[in-house]
Novice: 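Sharing a structure with you now.
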2 protein chains.
Amino acid sequence: MSHEGIDLGTSVGYLMKEASSALRTAMEAVLRPLGMTITHYSCLELLAQRPGLSNSELARGAFVTRQSMHVMLLSLERDGVVSRPGQPESGRVLPTALTEKGRAQLATASAAVRAVEKRMTRDLDIDEQSRFGFMLTQCTASLRAG
Amino acid sequence: MSHEGIDLGTSVGYLMKEASSALRTAMEAVLRPLGMTITHYSCLELLAQRPGLSNSELARGAFVTRQSMHVMLLSLERDGVVSRPGQPESGRVLPTALTEKGRAQLATASAAVRAVEKRMTRDLDIDEQSRFGFMLTQCTASLRAG
DNA sequence: TACTGTATGTCAGAATACTGACATGAGTCA
DNA sequence: TGACTCATGTCAGTATTCTGACATACAGTA
């Protein structure tokens, strides 16, 4: 009576978990010396590309709950890396912005993360990289479609 | 002065994080009704395929620390899902085995997870799936090579 | 207007995984 | 033999994220 389960060696799901775990480990390794976590970095990178993002929007972009992002923003605000208005302009949304200190922090971190990403895909040529990215996007869409 | 960072929309790293986050969410959604977490399920699946795995080996296979797996095994043992000898045969390694209850639990969970994985790759044909898996493996290897 | 549904910011507590540390056992090598 | 290195199981404490909950704000609709 053998278990008709998932062959971990060839399961795309397992391989994806393995790869993302390796990516996570590699990113933590380069961010730790900078005193940053992955969520910390993700938050800064998101704000650099789309300034004024709200707490909830940042949470979705960093793939954590808005509660988790909330505590992250509190500490980033305390450290003077980001700033938020005391009162919302309309509704409840508090748009967040990078400070100069935040931009400086991000510059270093972003270079380090770019190096990791480059290392990850070093065995894939341009066409393969774009094909790979497209497949990942397809997987994401299919999973979310339910 | 624009930020020369990572374009999140096309970054392979970001797309991978997005996909693995979607996979995680989908797996949690099907495992939660069964009263199982992803680590819980991973542990059972590993044991089904390679009976007698030690705590440390299970940890590596599930991509968590051996300390985390240790507390997981304690609760699985308490629930009668796995069993370990009271004393090691040699060294300090305690080989773990699934109980009948554990096998039953796994059968249900494994079917649910297989369905999720199938959904994830439903837009990829056989060749693309194998190509995708190979690319993931390459990424993992490159990241670990440092 | 009133109502419903959806989204937000925030607080509190629980669950989960992590880092640090220690002792034990096996293997290697001088 | 003894010293050294490495991997393991385990304990303790910390950190991070999550779930649950609440009040608030807006858009759409009857």
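So you know, we letter chains A, B, ... as the sequences are listed, proteins then strands, and number each from 1.
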Novice: Got B:Val82 and B:Leu73 here, is their nearest side-chain heavy-atom distance under 4.5 Å?
Specialist: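 Yes. Closest side-chain heavy atoms under 4.5 Å.
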Novice: Where each residue is assigned the nucleotide of DNA chain D containing its nearest heavy atom, which of B:Arg84 and A:Gly91 is assigned the position nearer the 5′ end?
Specialist: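 Counting from the 5' end, the first nearest nucleotide belongs to B:Arg84.
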Novice: Which nucleotide sits closest to the side chain of A:Ser68: D:dT8, D:dC18, D:dG20?
Specialist: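 Nearest to the side-chain atoms of A:Ser68, counting from C-beta on, is D:dC18.
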Novice: Would you say that B:Cys43 contacts B:Met69 through its side chain, given a criterion of any heavy-atom pair below 4.5 Å between the two side chains?
Specialist: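 When only atoms from C-beta onward are counted, B:Met69 and B:Cys43 do touch, with a gap below 4.5 Å.
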Novice: Rounded off to whole Å, could you give me the CD-to-P distance for the B:Glu89 and D:dG9 pair?
Specialist: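 Whole-Å distance recorded here is 14 Å.
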Novice: Same cluster or not: B:Val93 versus B:Leu46, using hydrophobic residues (I, L, V, M, F, W, Y) connected whenever any side-chain heavy atoms lie under 4.5 Å apart?
Specialist: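 They do not share one cluster, since no chain of ILVMFWY contacts under 4.5 Å joins B:Val93 to B:Leu46.
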Novice: Mind grabbing the angle between the end helix axes of the helix from C:dT1-D:dA30 to C:dA30-D:dT1? Five pairs an end, 10° rounding.
Specialist: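 Result, rounded to 10 degrees: 30°.
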Novice: Looking at side-chain heavy atoms only, is the closest gap between B:Lys17 and A:Met27 below 4.5 Å?
Specialist: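 SC-SC contact between B:Lys17 and A:Met27 ruled out.
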Novice: State plainly whether the residues A:Glu100 and A:Arg103 are in salt-bridge range, i.e. N to O under 4.0 Å.
Specialist: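 Salt bridge: yes.
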Novice: Answer yes if the side chains of B:Ser42 and B:Thr39 hold a donor-acceptor pair under 3.5 Å, and no otherwise.
Specialist: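 The answer is no; no qualifying pair exists.
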Novice: Please identify the 5'-most and 3'-most nucleotides of DNA chain C with any atom under 4.0 angstrom from a heavy atom of chain B.
Specialist: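 Using the under 4.0 Å cut-off, the span is C:dT16 to C:dA26.
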Novice: Is the A:Phe132-B:Phe134 ring centre distance short of 6.0 angstrom?
Specialist: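 They do not qualify: ring centres at least 6.0 Å apart.
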Novice: Side chains of A:Pro85 and A:Leu94: closer than 4.5 Å at any heavy-atom pair?
Specialist: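 A:Pro85 reaches A:Leu94 side chain to side chain.
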Novice: Rounding to an integer number of Å, can you tell me how far B:Met69 CE sits from D:dT8 P?
Specialist: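 Those two atoms, CE and P, are 13 Å apart.
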Novice: Would you say the base of D:dA23 and the side-chain of A:Arg92 have a donor-acceptor pair closer than 3.5 Å?
Specialist: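 Checked by distance alone, the answer is yes.
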Novice: On DNA chain C, does the nearest nucleotide to A:Val93 precede the nearest nucleotide to B:Val64 from the 5' side, or the other way round? Give the residue.
Specialist: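 With A:Val93 and B:Val64 compared, the 5'-side residue is A:Val93.
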Novice: Looking at DNA chain D, which of residues 14-38 of chain B put a heavy atom within less than 4.0 Å of it?
Specialist: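 Heavy-atom cutoff 4.0 Å gives B:Arg32.
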Novice: Tell me what B:Ser56 touches on the nucleic acid: a base, only sugar-phosphate, or nothing, going by heavy atoms under 4.0 Å.
Specialist: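 Touches sugar-phosphate only.
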Novice: Any salt bridge between A:Arg50 and A:Glu45, counting N to O under 4.0 Å?
Specialist: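 Salt bridge absent between A:Arg50 and A:Glu45.
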